[in-house]
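Heads up, the thing below is written out as C-alpha cells.
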There are 2 protein chains.
Amino acid sequence: MARRSRPGLTDIAREAGVSVATASRALSQPELVRDDTLERVLAVARSLGYVPDRAARALASGRTSTVGVVIPTLNSPVFASTLQEMQRNLAEAGFQLLVASHEYDPASELAAVEKLLSHGVDGLVLVGGDRLEATWRMIDAAGVPILQMWCGRDDHPIVGVDNHLAGLLVARHLLELGHRRIGVITGNLRHNDRQAERLRGIRAALAEAGLSLPAAHVTEQPLSVPGGRGGCAVLLELADRPTAIIGTVDVIAIGAMAECQARGIRVPSDISVAGIDNVELAAHVSPSLTTVNIPSEGIGAQTVAAMLRQISGGGRPESIVLPIELVERHSSALPRRKPSG
Amino acid sequence: MARRSRPGLTDIAREAGVSVATASRALSQPELVRDDTLERVLAVARSLGYVPDRAARALASGRTSTVGVVIPTLNSPVFASTLQEMQRNLAEAGFQLLVASHEYDPASELAAVEKLLSHGVDGLVLVGGDRLEATWRMIDAAGVPILQMWCGRDDHPIVGVDNHLAGLLVARHLLELGHRRIGVITGNLRHNDRQAERLRGIRAALAEAGLSLPAAHVTEQPLSVPGGRGGCAVLLELADRPTAIIGTVDVIAIGAMAECQARGIRVPSDISVAGIDNVELAAHVSPSLTTVNIPSEGIGAQTVAAMLRQISGGGRPESIVLPIELVERHSSALPRRKPSG
DNA sequence: TTGTAAGCGTTATCAA
DNA sequence: TTGATAACGCTTACAA
C-alpha cells in the first residue's frame, strides 16, 4: 500500500476551508478561482510544502507533462548538446524529459519505446527512421504525438538536417581542392541512418566528378576517437592511399588526425582530413578541423517547439529541415603534388 | 478526461476469463498464480499488445520503478558516460532513469528536485553536496533514498572519488618533475564542489613542498575547451609565467594545450600541462594528456547498485570511494632549465 | 465561483 | 490459487 506521508490536496483543502476540487483548480487552473480563495489555497500549499503527485494527476487527467526521447547513446557530444537544449526548453514549459538510450540495438530500442509509452509520455521523440516494424506498430498504436530527430522516415514528421547534403558538402570541398582519392571512415551503417545518408552524399559528390568510391576506401568503425584512429590506420595501409579522409562524424575525424600525427603524417600537407558535425572541439584541435556545421542545439530547440505545438493540439506536425554549411578550417588543403593515377 | 484507448487489465481479465486481480498478479507476481492460468493471461496480454499504465501502478503501489538524477549539465563527457552507465544498469533492473540538469544554478536545482520528487521517483541521485538549504529540507522531508555522486556532504552517503586526492596527485607529479611555478585553470568554484576540492588538493601538494599558490596563478573559467584556452592565455601573460599548468578537468587542460600550440609554445618542452578525469580524448590528443583517471562509469554503476540496494530495503546506505590514479602521458615533462626565482 | 462525486488503471487486503 | 473490492491522489463533468 502506498506511503501516507506527503500532504495532499485533501490536506490543503481542509486547512484552507475549501473543497478538494477548488484546491485542485487553484493549483492547476488558477484563472477559475476567485482571487482571495486562490491566495488562501496557495498560501496553505506553500506552508505545507505541497508537491503534487504526478502519478495521480496523470491517472486522472491522462496527461503526464512528460516527453520521452529515445536516442542511440548519451555518450556523444552531439546528442548531449541536443538533449541539454531539449531539457532546457521543456523545463521552461513545465515538462520533464524522459531519456532512454539503446546503444544502436533495435531490440532495446523497442523495449525503450515500450517503457516510455508505459510511462504515459505525452509525446515521443525518436532518432532516425530505421527501426523494427514492431516498434513502428507500437508507436502508431499508442497514438501519441511523435517526432523524428536528425532524420527519419517520410511518413512521420522529421526535425533535422539533410545528412545527404552534409556528405555532399564535405566531399565537394575536397574534390574542389583537387583530391581524387578519398577515404571514408564511417560508423556502423546497418542501424544508423545518419551515417548511411552522409555516405550516400559523399558518393553523390564523387559521382558528380565522375568518380566512384571503391569499397576498400570505406571503413566502418565505432563512433569514437579510437574508432577514427583504427579506421585511419586501415586507410593508410591501402596501396593507393587516399589523399584525403572524411570522418562522417567529427569525433572520428579527430581520431583520424590523431592517428596521422602519431605516424608522423602531417595534416593537411601530407593528407587532408574533414569531418561532419562541428562539435566544439573541432575548432580547437590542431590543425583545426574542416567540417560541416550541424546545428545540434537548434535541432533540440525546434524539436521541442514542434512537439509542444503538437501536444497542445496546434497545427499539423510538419517536418523541419535546418540549414547546414561547410566550415572550412585548417585540416584540409590541396593534395600533395606527386605523380599519381 | 482520460483517453479510452489502450487495452487495460480489465480487458485482459475479460478475455482470459479471470478477475483483474489475477490478471494483475500474473503480470506482476507470476509466482502467485497457477501455471496454466499464468500462461493464458500472458498470452492474452501479448495478443492485445498490453502495456501497463505506470501512473496507475505508481498510484496504487506507491512505487514508480524510477530513479531521478540531478546533474549540473548533460554537456560533459564525464557526466555523459556516468549517465549512460546508470541508464544501462537501471534498465537492466527494470528501472527508468529520470534526468534533470540545472546548469550549476542552485535555484533550478531546487526546481529539478521538486519536479523529480513530484514524479514519485523511488530514489534520488544528486551530484555534489553544495546546495540550497531549502533543497536539503525538501529532500529530507520526501524521505526517499538519496545518494550523492562524485562528492557531497558527509551526512548523506556518497559514491565517488576523493577529489582532493586527485588534485594532490597531479600537483605532486608536476612538483616531482621539478616544477615550482604552477598555474591552475579551474571551473567556477562557488557552486562546484569538485573543482573546489581538486584545487584544495593542489594547494595541499604545494604546501607539502613548502610552496604556496598565488591568487594570480589560479583562474576560474567555463568548463569547456574555449574556457581552457582563455584561462591559459591569462596565465601565459603573467610576469612569472608558470612552467606547468593544471586544468582541473581534462576538457580545460585540452583547451590549454590548444592555446599553447596556437601561440607556438611547445608542450611539454616549453610548458607542461596536466588534467584530471581521463576522458577518452585525453589519450588521443597530441601530446597525449597526463591526467588522473576518474572511473566515471564505475561511479555510475556503483551508484545504481547502491541505490537499488537501498530501494529494496537492503542494508544501510554507505559511502563508496573509488580508487583513482595518476596517468602519466606526454604532456608533462621536466621544466626548461633557465634562470628563475 | 465553488462543491459533489464519479472515475482514471492498478495494487493489495481479505475472504473464499 | 483466485475473486471481490477498497484504496491511491487527483481531475473534471455536472450541479448548485
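Since the model is a prediction, treat every value here as computed from it, not as a measurement. Just so it is clear: chains get the letters A, B, ... in the order the sequence lines come, proteins before strands, and each one is counted from 1.
Taking only side-chain atoms of A:Ala56, from C-beta outward, the nucleotide of D:dC8, D:dC10, D:dG3 with the closest atom is D:dC10. For B:Ser24, whose side chain is taken as the heavy atoms from C-beta onward, the closest listed nucleotide among C:dT11, D:dG3, C:dG9 is C:dT11. Closest approach to the A:Thr37 side chain among C:dT11, C:dT1, D:dG9 is made by C:dT1 (side chain taken as heavy atoms from C-beta onward). Residue A:Asp53 places its side chain closer to D:dG9 than to any other of C:dT2, D:dG9, D:dG3. Nearest nucleotide to the B:Ala60 side chain, out of D:dT12, C:dA12, D:dC8: D:dC8. With C:dT11, C:dT1, D:dC10 as the choices, the nucleotide that has an atom nearest any side-chain atom of A:Arg57 turns out to be D:dC10. Among the nucleotides D:dC10, D:dT12, C:dT1, the one closest to any side-chain atom of A:Arg34 is C:dT1.
A donor-acceptor pair under 3.5 Å links the side-chain atoms of B:Gln96 to the main chain of A:Val99, judged by distance alone. Although no hydrogens or angles enter the test, the distance criterion places a donor-acceptor pair under 3.5 Å between the side chain of A:Ser319 and the main chain of A:Ile158.
Salt bridge status for A:Arg14 with A:Asp11: present, with a side-chain N to carboxylate O gap under 4.0 Å.
At a threshold of 4.0 angstrom between heavy atoms, the contacts of B:Arg25 include nucleobase atoms, whether or not backbone atoms are also involved. Counting any heavy atom pair closer than 4.0 Å across all strands shown, B:Glu31 reaches no nucleic acid atom.
Within the 4.0 Å cut-off from OP1 or OP2 of C:dG3, at least one side-chain nitrogen or oxygen of A:Thr22 is found. Applying the 4.0 Å criterion to OP1 and OP2 of D:dT12, one finds that A:Arg63 has a side-chain N or O inside that range.
If you take CH2 on B:Trp136 and CG on B:Asp155, they are separated by 6.0 Å, rounding to the nearest 0.5 Å. The CZ atom of B:Arg54 sits 15.0 Å away from the CG atom of B:Leu59 when rounded to the nearest 0.5 Å.
Between A:Ser28 and B:Ser19, the residue anchored nearer the 5' end of DNA chain D, judged by the nucleotide with its closest heavy atom, is B:Ser19.
Going from atom CG of B:Leu59 over to atom C1' of C:dT10 covers 8 Å, rounded to whole Å. Nucleotide D:dT1 holds its P atom 15 Å from the CD atom of B:Glu39, rounded to whole Å.
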